[in-house]
2 protein chains.
Amino acid sequence: MSTENPGALPTSLQRLWEGTTPGRRGPKPALSAERIVEAAIELADEDGLAAVSMARVGKRLGFSPMALYRHVRDKEELLVLLSDAAAGDPPPIDPAVGWRRGLEIWTRAQIDGVLERPWLLELPLSSTPFGPGRVRWLDRAFEVMRPLDIPTDDKLGIAGLLAQHVLGEARVQVESRRAAADRVRRETGAAPGTPESDLDPAALAAADPYTDFEIVLQRYIGPDTYPSLFEAMSAWEPEAPGAGVTTSDEIDFGIMVILDGVEAYIARRRRG
Amino acid sequence: MSTENPGALPTSLQRLWEGTTPGRRGPKPALSAERIVEAAIELADEDGLAAVSMARVGKRLGFSPMALYRHVRDKEELLVLLSDAAAGDPPPIDPAVGWRRGLEIWTRAQIDGVLERPWLLELPLSSTPFGPGRVRWLDRAFEVMRPLDIPTDDKLGIAGLLAQHVLGEARVQVESRRAAADRVRRETGAAPGTPESDLDPAALAAADPYTDFEIVLQRYIGPDTYPSLFEAMSAWEPEAPGAGVTTSDEIDFGIMVILDGVEAYIARRRRG
DNA sequence: ACCAAACTGCGTATACCGTCAGCAGTGCGT
DNA sequence: ACGCACTGCTGACGGTATACGCAGTTTGGT
C-alpha cells in the first residue's frame with residue numbers, strides 16, 4: 001500500500017511543490033508566482049492581511065489584477081502560497097544541546113516568526129498546508145529528534161503538538177501586545193488608529209498587560225454563572241507586571257509541559 | 001492593581017457579554033443578535049463559512065441586509081459572536097473519574113464539536129475571543145481540575161494547551177476526511193463538487209486515508225532536500241487503514257503527551 | 001522563412017460584497 | 001397629543017474576486 005500511486009493532490013499543493021512548469025513557447029513571463037507572493041507578503045507586513053487584494057498586489061508589481069491569474073489559480077491559492085512562504089527558514093540547531101533543548105529552541109524560533117508576522121494569525125488554519133516552507137521546519141525538528149528512538153508517527157505527533165502550541169502562545173502574546181497599545185492610546189489620548197510604531201515605546205513597555213481575557217474575568221465572572229472559575233479566580237494573584245509578555249529567558253509553561261510529556265512517554269516506552 | 005478599573009474592552013467583547021441594551025422607546029425590535037447569529041450558524045452548517053454574508057443572513061430571516069446593522073456593528077463582530085455561540089455546551093463530567101480522565105473527556109468533547117462544525121477551522125484565531133460560550137468550557141475545565149493544587153495561572157495554561165490541541169487534532173481529522181471524500185469522488189467518477197452526504201458511506205469508510213501530507217512525503221521528500229525527514233520516512237511503516245481517523249476509543253497521542261506533562265509538572269512541584 | 005500553436009498580459013464586464021447616509025414608520029414617555 | 005427615540009429599509013458607492021475574450025509575442029515545426 002505504501003508503494004502504490006497515492007493519488008492526486010489539490011492543485012494548490014501541487015503548485016506549491018512543483019512550481020509553474022516553464023512553458024516552452026510564447027513570450028517569457030514577466031511575472032512569477034514567487035514575485036507575486038513576495039509582493040503579497042510585503043503588503044501584509046505593512047498593513048495586515050486585509051491589505052492583500054489581487055488589485056493591490058498587481059498594482060505593486062506594476063501589473064493589472066488579472067495578470068496574476070496566469071500564475072495563481074485563486075486568491076485562496078495565493079494565501080496558501082503566502083502562508084508557506086512566510087514560514088521562513090528554521091535556525092540551525094546544534095545537536096550537542098540535546099533533543100529537549102533543541103525542540104525548545106525550535107518552538108521559540110517559530111513563535112518569534114509569528115510575532116514578526118502577526119497577520120499569520122489572521123489566516124484560517126485550513127490555508128496553512130504542508131508546503132516546502134513548513135516541511136523545512138519539520139525536517140529540522142526531525143534532525144533534532146534524531147537520537148530519539150521512537151516511531152516516526154510519534155515524532156510527527158510531537159512536532160505537530162509543538163507547532164500548534166506556537167499558534168496559541170503567539171496569539172496570547174500578540175493580543176497582550178495589542179491590549180497594551182490600546183491602553184496607551186487611550187491614556188495618552190492618541191487617535192484610536194495610531195499605528196503602534198508611533199506610540200511612546202517607554203509607555204508601551206510600562207503599560208499594564210491586562211489582556212481582554214483578564215478584564216472579562218474581573219468584570220463578568222460571578223459565583224453563580226461560572227462557579228468553578230470564580231472560585232479559582234478568587235485565589236488568583238495576578239503576576240508581576242510584564243508577565244503577559246513571555247521574554248525568551250522565561251519558562252514557557254506550555255513548552256515545558258509538552259516536553260515533560262514527551263519525556264514521560266519515552267521513559268514509559270523504554271520501560272515496557 | 002487587581003482592584004482598579006481594568007479599562008475598556010473592545011466593543012465586540014462587550015456586546016458579547018452585556019448583550020444589547022433593550023431600548024425603552026420606539027418599536028419593539030423584530031430582530032435580535034441571537035436570531036442573527038442563529039441564522040448565520042445555520043448558513044455555515046449548510047454551506048460553509050463562505051456562505052455567511054450579511055445579505056444571505058438577512059434574507060434567511062426575511063429582513064434586508066442593513067437591518068442586521070442595528071444589532072451587530074460589523075461583519076467581524078458577527079463572526080466573533082458566531083464563533084462564541086458555536087462553542088456549544090460542555091458535557092457534564094463526573095468528578096469521580098479524576099482530573100486526568102476528566103480533562104481527556106473535556107478535550108475529546110471539544111474535538112467532536114469542531115468535527116460537527118468544520119467551518120470553525122476556517123475562522124482566523126483572532127476572531128475566537130473569550131465570550132460566554134468559551135468561558136463555559138473553561139469553567140468546566142476548572143471544575144475538573146478542582147482537586148489539583150496548582151496556581152490558577154497554570155490551570156489556565158493547561159486548559160489553553162488542550163484547547164489549542166483541539167484545533168490541531170480536529171484539523172488533521174477534517175483534512176483526512178476530506179481527502180477520503182476526494183478519493184471516493186475520483187474513483188467513483190462523481191462530480192468534484194458532489195457533497196459528502198451524497199457519496200457511498202461504505203466507500204467512504206473503506207477509502208485509504210492518505211492525507212495530503214502523506215502524499216507529499218512520498219512524492220517530494222528526497223535525501224538531499226530534507227535529509228532528516230527522509231531518513232525517518234524510510235523507516236516509516238504507515239499505520240493500519242483507518243488510522244488517520246482517530247475514533248474515540250483509540251489513544252490520542254497529543255492528549256496523552258500533554259496530560260503526562262501535567263502529571264510530571266505536578267509531581268515535580270510536590271517534590272520541590 | 002514562414003505559419004500555426006502556445007502562451008502572456010490586459011480590458012471589459014459581472015456579480016457580489018460590506019457598509020454609509022438618509023428616510024419613513026412606530027410606539028413609549030411626557 | 002406631541003416629540004423623540006428607535007426601528008427596518010431603500011439607494012448608492014466603492015471595493016472585491018474573477019469569467020471571458022482579445023491582442024501581442026515567442027517558438028517549434030515545416
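Letters A, B, ... are given to chains in the order of the sequence lines, protein chains preceding strands, and every chain is numbered from 1. None of the values given here were measured: they were computed from a predicted structure.
- What separates CG of A:Leu31 from P of C:dG9 is a distance of 6 Å, to the nearest Å.
- In this structure, the OH atom of A:Tyr69 is 14 Å from the C1' atom of C:dC10, given to the nearest Å.
- Look at A:Arg25 and you won't find any side-chain N or O under 4.0 angstrom from OP1 or OP2 of C:dA4.
- Atom CG in A:Leu68 sits about 13 Å away from atom P in C:dT8, given to the nearest Å.
- Residues A:Thr225 and B:Arg136 bring no donor and acceptor atom of their side chains to less than 3.5 Å of each other.
- Salt bridge annotation for A:Glu214-A:Arg219: absent, with no cationic side-chain nitrogen under 4.0 angstrom from a carboxylate oxygen.
- If you check every strand for non-hydrogen atoms under 4.0 Å, B:Met66 touches a base.
- Using a 4.0 Å heavy-atom cutoff across all strands shown, B:Arg73 reaches no nucleic acid atom at all.
- With DNA chain C read from its 5' end, the first of the two nearest nucleotides for B:Pro27 and B:Pro65 is the one closest to B:Pro65.
- Phosphate proximity of D:dC6 to B:Lys28: absent, as no side-chain N or O sits under 4.0 Å from OP1 or OP2.
- Atom CZ of A:Arg35 is separated from atom C1' of C:dG9 by 13 Å (rounded to the nearest Å).
- Relative ring orientation between B:Trp106 and B:Trp137 is described as perpendicular, the plane-to-plane angle rising above 60° on a 0-90° scale split at 30° and 60°.
- Comparing A:Ala50 and A:Arg70 by the nucleotide of DNA chain D whose heavy atom lies nearest to each, the residue mapping closer to the 5' end is A:Ala50.
- A:Lys75 places its NZ atom 8 Å from the C1' atom of D:dT16, with the value rounded to the nearest Å.
- The distance from atom CE of B:Met54 to atom P of D:dA12 is 21 Å, rounded to the nearest whole Å.
- The separation between B:Lys59 atom NZ and C:dG18 atom C1' is 16 Å, rounded to whole Å.
- Looking at the side chain of B:Arg56, the nearest of the listed nucleotides C:dC10, D:dG8, C:dC17 is C:dC17.
- Salt bridge status for B:Arg60 with B:Glu46: present, with a side-chain N to carboxylate O gap under 4.0 Å.
- Of the candidate nucleotides C:dT8, C:dC17, D:dT16, C:dT8 has the atom nearest to the side chain of A:Pro29.
- When heavy atoms are screened at a 4.0 angstrom cut-off, B:Phe63 is found touching the sugar-phosphate backbone but no base atom.
- A:Ile36 places its CD1 atom 11 Å from the C1' atom of C:dG9, with the value rounded to the nearest Å.
- With salt bridges taken as basic N to acidic carboxylate O contacts below 4.0 Å, none links A:Arg140 and A:Asp89.
- Dashed line: the shortest gap from a side-chain N or O of B:His71 to OP1 or OP2 of D:dG8 is under 4.0 Å.
- Within the 4.0 angstrom heavy-atom criterion, base atoms lie near B:Ser64.
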